[in-house]
Amino acid sequence: MMDNQFTFMRTLPSPFLIHLHRTTNPKFIKTCNWSFISVSKPMLNLCSSSFTSSQPAGDDNTKDGNNNTNGTASLRNFKLNQSTFLASLMPKTEIGVDRFLHSYPHYDGRGVLIAIFDSGVDPAAAGLQVTSDGKPKILDILDCTGSGDIDTSKVVKADADGCISGASGASLAINTSWKNPSGDWHVGYKLVYELFTETLTSRLKKERKNKWDEKNQEEIAKTVQQLSDFDQQHQKVEDAKLKKAREDLQNKLDLLRKHSESYDDKGPAIDAVVWYDGEVWRVALDTQSLEDDSDCGRLANFVPLTNYRSERKYGVFSKLDACAFVVNVYDDGNILSIVTDSSPHGTHVAGIATAFHPEEPLLNGVAPGAQLISCKIGDSRLGSMETGTGLTRALIAAVEHKCDLINMSYGEPTLLPDYGRFVDLVNDVVNKHRLIFVSSAGNSGPALSTVGAPGGTSSSIIGVGAYVSPAMAAGAHCVVEPPSEGLEYTWSSRGPTTDGDLGVCVSAPGGAIAPVPTWTLQRRMLMNGTSMSSPSACGGIALLISAMKEEGIPVSPYSVRKALENTSVPIGDSPEDKLSAGQGLMQVDKCYEYIQQSRNIPCVWYQINIYQSGKSNPSSRGIYLREANACQQSTEWTVQVDPKFHEDANKLEDLVVFEECIELHSSDSTVVKAPEYLLLTHNGRTFNILVDPTNLCDGLHYYEVYGIDCKAPWRGPLFRIPITITKPVAVINRPPQVSFSEMLFEPGHIERKYIEVPHGASWVEATMNISSFDTPRRFFVDTVQICPLQRPLKWRSVITFSSPAAKNFTFKVVGGQTLELVIAQFWSSGIGSHETTNVDLKIVFHGIKASQEVIVLDGSEAPVRVDAEALLASEKLTPVANLNKIRVPYRPVDSKISALSNDRDKLPSGKQMLALTLTYKVKLDDGAEIKPQIPFLNGRIYDTKFESQFYMISNSNKRVYSSGDAYPNSTKLPKGEYSLQLYVRHEDLQILEKMKHLVLFIERNLEDKDIIRLSFFSKPDGPLMGNGSFKSSTLIPGIKEGFYLGPPPKDKLPKNSLQGSVLVGSISYGKLSFAGQGEHKNPEKHPASYRISYIVPPNKIDEDKGKTSLSSKKTVSERLEEEVRDAKIKVLGGIKQESDEDLLEWNKLSVLLKSEYPKYTPLLAKILEGFVSRSNIKDKSHHHEEIINAANKVIDSIDREELAKFFALKSDLDDEEAQKTKKKMESTRDQLAEALYQKGLALAEIESLKEVDNSPAAAATEDANPDEQSKDDCIHPDLFDENFKELKKWVDVKCTKYGILLVTHEKRSQRIGTALKVLTDIIQDDTEPAKKKLYKLKLSLLEEVGWTHLATYERQWMLVRFPPSLPLF
């Protein structure tokens, strides 16, 4: 997920809350928003004359009394002028960029290539065309996710007129000047909204809807006028035909209005054509559907593109969208990738790192001379969320392009730090290929241990925190009064990682007004977040690499990182501030001085692995004493230091001779004791350290053990061992509560409290009182607990106080674990007011311990016994449980393993990626909102050894309803059958083989009326006897109370629940003091709720099944004869008639059976069915005549008078024979109706074929055979109407099954409006998957009535409902 922040926090309670809660509510991902702050070009041009003449900010006063050379002191007391204001929009002074470029103006990133792993970069964006030395800025643009892929494997040839048939069905004229030696044209299409962001799509939909409404309103006005004219001409409408004519006009008007209400723009389709011109693959697009002018966007007028890397050219779809795109062709023309961005984020990030504005130099990015490649990892199908496929392909591309740097401003919480498939690949490219990887630390602060993966949790990646300076606050954020000194943004994630690593490496400016894509209709916007600090740091490192390359200094991620860490300026005064800002604010100029001085020192990374003495726990990268018992005694730790060289290091010249005498230092030897010296060789060394926290006061403490080179102490620490201690306060009073009074807050102030949660506590009820302030105040209240092998348990509330008040809140806790409680006043809240804010906080712990936290009801009638007790204080026991979801397990019906192409999926190591595609079949008896879940894979992107997971849900028409990845979305699906394809990637064939039978669950939310509320009983027989209900009780500490949870009543189970399905819900035990009205009835709203599940048992046996009728009067020989007859008919129905031989056999058998049973209606109906089912008909007219003849035989075999008499009388429901007769008669009636229906369709088709024959194109044929034509016209001119009238006697012709004939009848009567109404009703009432023939008929009727805007709309929907194939993964 992108690590950017919102500028104005009023939009949502907390943007980083979105980041945290993605596992539980992924839809929040799509709510990302940015503040659009447009900086107009005229203003910038007006100021551009001052850019080159003005002295860079901070140069006048680069030193303060403490020899602080970073210039931050000069920012504390300042006033913005025009130049400093513009400079604050793209902050560089803070990290010493201006001082570095003043000394080395040509080392501005030239010769450096950066890979931007993000949402995509717009090549048309301001400042991203050329570098400062005139070279192309963007060398390649790639969509690594596959979201823009188009299947172009279909190959067509041009006809005599130079036209081809596009994949969308459109006829496309080829430009005769295009070279195509083979004459092969690869075609594909894409719904253009699939390439656009949600923001752009919303804008286009609005604009297109306005234009569509204008056309629709014109047609409405015309129809209203026609209706008015009709009423004026016919004062009294009594004639049946006139009534129907008026009804037709009214139906037209109703349809136009209805379409206006139901309008749902799925977007136009663009046709793509790919061909090989003898040298490169070329691409052209037909975008007419996007244009108002039919002459614009034609394929032949498109200037062909090729892979962006080859010619660095891009296109724009249309003036309406203003969206730039590039293309790449893979797999010998069979895959076309159209690359667009999935959000403005990537372009903004690229602009911070490298933008070059020759006319506006103060708005340059940090390294305007650097070049970049864009690797899109944000999948457009997932609202810009990253995928494993995108991440792996991006790394492959970075290595292939020989990039120097990678910037990745994405991430999320992780289960295990420094672990997973992506981390393994990153380690490989950093250690083997010397790429420097920079990434955002995350936006989940201010609590500790909130750094995200991969930036804050991976040793090979430089994780960057977000810093805001006074100049940034005054300029970019436009605050009334900036802070007196710089600080970390409140939301910037903090370390340490759960295994003790520092987490944040360094900090950089975390906000900027930078370039954004052209489709936003502005040049720049403000974003802030660690997403912005990461490219700021990356740009600074690009300056260093530019200088190192020019000066011949070897570039290594090891040496650069060491230089960054040892030259950064601390932010804050206490050692604990390192957990927020890392080693401090990076300083490019000082870092380069360090690099110059250490140019001849070997490039070494000191890998640290730490083990606690006497324990076999996994190794860690730091020491993190968080729990109370760890702070009550001294502990000894073994530290393993392993020098790591790059893979190309010379064994004799580098490894053998490596030897360093290291002096070990402790930042506080009274707490952390370490040896004084260490002789380190290539094979590594171990040493022990002793940590004694027993004399520390409660709260946060941070220490370091670091090693200094005895021979070159100027190098600073070669390695650091972070030691974090959070000593909690014990809660000893009863009832268990703790209060913090008179805490004083100013903007940006953070209070951290550490509490040992009492054993037996499961939730907290807290009250926060705030007073002594004038202007509104915004506070973050965060809590974090760390439990083994879980993501940190985090809770957050963002509270705004407009006046002194008290706020109550509750949250879950785990007993026995240390709770970090953080209260922080937002950094910009209250700025301009000089009053401190007084905060009082009272926390009360509650808990009910149940004998079974997770309850499984096994499907039997037996209840489950639960013993509950309160360990802390008296609690009100009010158990509530419900089942609100059902999970149905599925196994794949098909599996396929394939090798992926070399174009994008071959690892730098040379290994080829493999893909496993699993197909599941899912049937929904009713429409439902469902969510697929793969427990083995879901919820992990970075902390998994699998590279990728992706699924698509489609129906039998290949229409895709939903797709997803690690965090599946809920999707509303209509009744029907669906295929779910799951796509998993890995390089190991054996692992994929083991996954061929992977279990998948389809989870469905029950409707409110179907939610099962479970009952509690005081006796074990309660569920069956219906007595002994248990409602509530008061628990006394030390005294257990038991009760029984009953299973759900069988009649309450969801209908059609399959055996083995699992009903899932929640149970809670305690009563909340702060619960709102009705909340106590919903256990999910209780902070301490637990999972409950019920396994659906086998269905009860149908007692009537298998019973045979005792009243059969037929003899054995009669029954045998019927069985033989029916068997013959079954064989006839089983012949598929796909080949000439099958057709011949079918004809022979049908003639034989007709001779044996000439009047047997079921046989004649089966023969009619055989004629109707035939495909690939050559002589259509003859075929329809055969259908008519077969239908007539069915009709003639039925005594319609007898049938009519039977249905005129009521049958006896209690008479078994009467019911059997009724069933037989209903079957006969259905066969009669089907015959009449098929006959009517055939008559209409013959009539339609005659209309084609009578067209001007067939005039010559008509003249040649006038007698024959006249003869044909005289054959049964009213036969269709006669047949239709007969059908109306037996069935409701408005129903779905027979309605097409009614549509045809109305169309023949020139009542197109009524025909459309009937057809629309049929489509809406049809419970089966959409039928293409119905929509084709609707399209033809719309074209016939002349509603071109509706015809265009339906034509676009045809590609949504009936795509020719499934999209690519």
Side-chain angles (χ1 to χ4, degrees), residues 63 66-70 72 95-96 99-100 436 459 462-465 495 501-508 537 540-541 544 547-548 553-579 581-608 621-622 639 641-645 658-669 672 674-680 685 687 689 702-723:
K63 294 189 179 182
N66 296 320
N67 294 321
N68 183 351
T69 58
N70 71 331
T72 55
I95 57 174
R99 297 188 298 276
F100 177 82
I436 301 174
S459 295
I462 298 172
V464 186
D501 189 53
L502 187 59
V504 183
C505 177
V506 293
S507 290
I541 296 171
L544 299 173
M548 293 169 75
I553 302 172
V555 178
S556 164
Y558 306 156
S559 58
V560 170
R561 178 170 185 155
K562 193 58 58 191
L564 282 173
E565 292 176 336
N566 286 341
T567 57
S568 294
V569 174
I571 300 171
D573 302 322
S574 68
E576 290 76 19
D577 287 321
K578 283 193 173 186
L579 296 170
Q583 300 305 327
L585 189 65
M586 65 178 286
Q587 300 296 302
V588 175
D589 55 335
K590 298 302 177 185
C591 187
Y592 184 55
E593 292 175 7
Y594 183 100
I595 289 171
Q596 286 179 309
Q597 193 171 356
S598 58
R599 63 186 301 164
N600 295 320
I601 294 175
C603 301
V604 178
W605 168 48
Y606 300 84
Q607 186 181 49
I608 304 294
R621 295 172 295 161
V639 179
V641 183
D642 291 306
K644 297 294 182 182
F645 291 76
F658 178 80
E659 189 173 270
E660 290 181 332
C661 178
I662 294 176
E663 185 177 359
L664 297 176
H665 294 264
S666 169
S667 59
D668 187 340
S669 59
V672 180
E676 293 185 1
Y677 291 95
L678 177 74
L679 183 64
L680 186 64
R685 284 292 303 277
F687 63 92
I689 61 177
Y702 178 80
Y703 306 97
E704 283 184 349
V705 170
Y706 53 92
I708 300 291
D709 186 344
C710 298
K711 298 180 180 179
W714 59 266
R715 293 174 64 192
L718 303 183
F719 57 83
R720 294 178 172 87
I721 299 159
I723 297 116

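Under the 3.5 Å distance criterion, the side-chain polar atoms of Glu576 are matched with a main-chain donor or acceptor of Tyr702. In this structure, the side chain of Ser559 does not engage the main chain of Cys603 through any donor-acceptor pair within 3.5 Å. In terms of modelled atom types and a separation under 3.5 Å, the side chain of Ser568 and the main chain of Gln583 share no donor-acceptor contact. The backbone N or O of Val672 sits less than 3.5 Å from a side-chain atom of Ser666, completing a donor-acceptor pair.
Counting heavy atoms from C-beta on, the side chains of Ser507 and Ile571 come closer than 4.5 Å. Inter-residue side-chain proximity for Val604 and Tyr558 is flagged as unmet; no heavy-atom pair is nearer than 4.5 Å. The side-chain heavy atoms of Val504 and Leu579, taken from C-beta on, include no pair separated by under 4.5 Å.
Within the model, atoms NZ of Lys562 and CZ of Arg720 stand 6.5 Å from one another, a figure rounded to the nearest 0.5 Å. The line from CD of Gln596 to CE of Met548 is 10.0 Å long, rounded to the nearest 0.5 Å. Once rounded to the nearest 0.5 Å, the distance linking CD of Glu593 with OG1 of Thr567 reads 9.0 Å. Atom CH2 of residue Trp714 and atom OG of residue Ser598 lie 4.5 Å apart, to the nearest 0.5 angstrom. One finds the CD atom of Glu676 at 9.0 Å from the CG atom of Leu664 (value rounded to the nearest 0.5 Å). The line from CD1 of Ile553 to CZ of Arg599 is 4.0 Å long, rounded to the nearest 0.5 Å.
Residues Pro722 and Leu502 approach most closely at CG-N, 3.9 Å, considering heavy atoms. Of all heavy-atom pairs between Ile723 and Ile721, the closest is CD1-O, 3.4 Å. Between Glu663 and Cys710, the closest heavy-atom pair is N-SG, 3.5 Å. Between Val705 and Ala674 the shortest heavy-atom distance is CG1-CB, 4.1 Å. Annotation for Asp573 and Asp577: closest pair N-OD2, 3.1 Å, computed over non-hydrogen atoms.
Using cut-offs of 30° and 60° on the angle between ring planes, the pair Phe719 and Tyr606 is tilted.
With Leu718 as the partner, the side-chain contact (heavy atoms from CB on, under 4.5 Å) test is satisfied by one option alone out of Val641, Ile662, Asn566: Ile662.
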